[in-house]
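Written out below as structure tokens is the structure these notes cover.
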There are 2 protein chains.
Amino acid sequence: MDRTDRNAQFTRALMGLRSLVLNGAFAGGERLPETNVAERLGLSRTPLRQAMDRLVDEGLLERVETGGCRVARFSMDEIVAAIELRGVLEGTAARLAAERGADPDMLQAMDDLLCALDAAIDPERFDFKTYVRLNDAFHDMLAEMAGSQIVARECARARRLPAASPGAFLQGQDLIPDFRDSLRRAQVQHRAIHDAIRAREGARAEALGREHARLARTNLEYVMTQAPDLADRVPGLALVET
Amino acid sequence: MDRTDRNAQFTRALMGLRSLVLNGAFAGGERLPETNVAERLGLSRTPLRQAMDRLVDEGLLERVETGGCRVARFSMDEIVAAIELRGVLEGTAARLAAERGADPDMLQAMDDLLCALDAAIDPERFDFKTYVRLNDAFHDMLAEMAGSQIVARECARARRLPAASPGAFLQGQDLIPDFRDSLRRAQVQHRAIHDAIRAREGARAEALGREHARLARTNLEYVMTQAPDLADRVPGLALVET
DNA sequence: TGACCGGAGTCTGTATACAGCGTTAGAGTT
DNA sequence: AACTCTAACGCTGTATACAGACTCCGGTCA
């Protein structure tokens with residue numbers, strides 16, 4: 001039996017509330033009355049409170065001195081910092097993998113993934129969901145390649161930071177044409193990271209990991225300056241105070 | 001009213017359980033029956049479960065597929081990775097502080113702290129608790145100096161990783177004579193980090209932040225190879241599988 | 001003798017009850 | 001009309017009740 005199945009109510013609360021918050025169902029800074037939200041999600045306060053604790057931990061909600069939670073608000077600087085942090089952590093994972101020497105099977109698996117990604121970004125038969133799934137898988141694998149559960153966990157956490165996920169600017173929408181080029185650049189970096197790890201070039205692997213996250217920052221700046229109308233469609237960007 | 005005061009039971013559960021686990025009250029891998037532990041701590045299951053969720057998040061406990069939690073076990077490699085991670089994050093905080101330019105008041109406050117630390121490590125009137133408090137304060141301040149709540153939060157989290165805290169090899173015991181020298185080296189690094197931030201030398205600040213965490217690794221290796229009898233006195237080290 | 005089955009007991013996940021604090025609306029006063 | 005005080009309501013933190021799942025032990029059958 002899956003954990004997801006075991007505590008089904010908690011999972012439902014977590015997914016549901018996160019989705020509500022990220023999609024801007026509540027205004028930034030708005031208080032979240034537990035009874036109210038629990039009823040809205042169709043479950044009791046117990047699993048909801050669990051989910052809220054978790055979202056506080058993820059930084060999406062924040063505790064109020066007087067009790068309860070409210071939706072967090074982020075400055076643009078915080079979003080940039082979150083992206084930077086993801087880059088630092090993924091860069092570290094890449095460096096550690098390179099330094100210690102990655103498992104050959106894993107390197108092969110990553111190579112397979114890269115080939116699949118090559119196919120996925122082919123403009124002819126571009127499939128959006130497939131790309132996001134493969135891209136996530138790549139980042140998962142990169143985090144695991146350091147050979148440390150703790151490193152993997154912290155990388156995963158960084159990806160959950162608001163608007164810091166590699167797919168934040170892709171998720172839940174069709175491909176924005178302006179981002180097509182970014183996909184190709186990302187793929188070049190993916191391959192470079194893979195090569196650096198295989199060649200055990202730690203410093204290069206780390207630098208590439210950091211730079212790779214900067215793509216998200218580029219996309220962020222593009223959206224904010226060039227296409228602010230897209231901001232609503234990027235999960236979490238609704239919480240950014242302008 | 002303080003949050004600590006408001007949810008007193010939860011705080012008590014968190015502190016109490018963390019302390020129990022870190023001090024090896026349970027064997028690594030041992031299952032934690034909620035009813036049992038709740039009774040032992042003198043509170044109900046509700047705040048205890050909250051605390052357990054949190055400790056799972058911190059990595060001290062792990063979920064069991066069939067339900068409930070057990071005490072996590074760490075390989076030495078994981079402890080090393082946790083320390084490395086703290087170094088990477090604190091290094092990043094230092095770099096960001098240097099790059100963006102730290103608040104002069106904060107730099108001054110850190111300088112004051114450094115002077116206090118100078119006094120604290122004076123062998124004549126060495127006060128153990130004071131040193132640990134000031135050292136923690138320094139790391140807090142460093143994390144905050146990046147000017148990002150997210151960065152500060154992740155640094156704080158890294159310090160809670162098992163045996164990765166700067167004071168892990170000092171806490172809850174008198175000064176181990178062999179570590180006295182390490183305190184002086186730490187202080188030299190503290191000052192160097194401060195200088196690098198003030199001079200806006202980002203790369204140097206980052207490198208120093210990383211190297212500073214390595215002190216913990218040195219201490220770890222010292223304890224494990226030279227003085228394994230001390231291992232019991234270092235919180236969390238009881239959970240390391242040999 | 002060993003393996004399989006069943007049932008009692010234990011434990012978890014979830015819902016709900018309860019008490020205390022915060023907040024707000026409304027009446028009364030200036 | 002504005003301000004104050006109070007009382008009622010709402011909300012949170014905590015405890016507890018409950019139902020289903022798992023565990024473990026003993027018994028039975030091959």
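Since we're looking at a predicted model, the values are computed, not measured. Because only heavy atoms are used, hydrogens play no part in the values below, and waters and symmetry mates are left out as well, while side chains stay in. The chains referred to below are lettered A, B, ... by the order of the sequence lines, with proteins before strands, and numbering in each begins at 1.
As a whole-Å value, the separation of A/Asp53 CG from D/dT14 P is 11 Å. Per the geometry, CG belonging to A/Leu14 stands 16 Å off C1' belonging to C/dT14, to the nearest Å. As rounded to whole Å, 10 Å separates atom P of D/dA15 from atom CG of B/Leu48. In this structure, B/Gln9 places its CD atom 14 Å from C1' of D/dT16, rounding to the nearest Å.
Not counting sequence neighbours, the partners of A/Gln108 by the side-chain hydrogen bond (donor to acceptor under 3.5 Å, both in side chains) test are A/Asp112. Every residue meeting the side-chain hydrogen bond (donor to acceptor under 3.5 Å, both in side chains) condition with B/Arg86, not counting sequence neighbours, appears here in chain and number order: B/Glu90. With sequence neighbours left out, B/Ser75 forms a side-chain hydrogen bond (donor to acceptor under 3.5 Å, both in side chains) with no residue at all. Under the ring-ring contact (aromatic ring centres under 6.0 Å, His included) criterion, B/His212 pairs with B/His139, B/His190, not counting sequence neighbours.
An OP1 or OP2 oxygen of C/dT14 is reached within less than 4.0 angstrom by no side-chain nitrogen or oxygen of A/Thr46.
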Could you list the donor-acceptor pairs under 3.5 angstrom formed between side-chain atoms of residues 35-47 of chain A and any protein atom two or more places apart in sequence or on another chain?
residue: A/Ser44; atom: OG; partner: A/Thr46; partner atom: N; Å: 3.3
residue: A/Arg45; atom: NE; partner: A/Glu34; partner atom: OE1; Å: 3.0
residue: A/Arg45; atom: NH2; partner: A/Glu34; partner atom: OE1; Å: 2.9

Tabulate protein N/O versus nucleotide N/O from nucleotides 10-12 of chain D, keeping only pairs under 3.5 Å, one per line.
residue: D/dT12; atom: OP1; partner: A/Leu32; partner atom: O; Å: 3.3
residue: D/dT12; atom: OP1; partner: A/Glu34; partner atom: N; Å: 3.3
residue: D/dT12; atom: OP2; partner: A/Glu34; partner atom: N; Å: 3.1

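Although no hydrogens or angles enter the test, the distance criterion places a donor-acceptor pair under 3.5 Å between the side chain of B/Thr225 and the main chain of B/Glu221.
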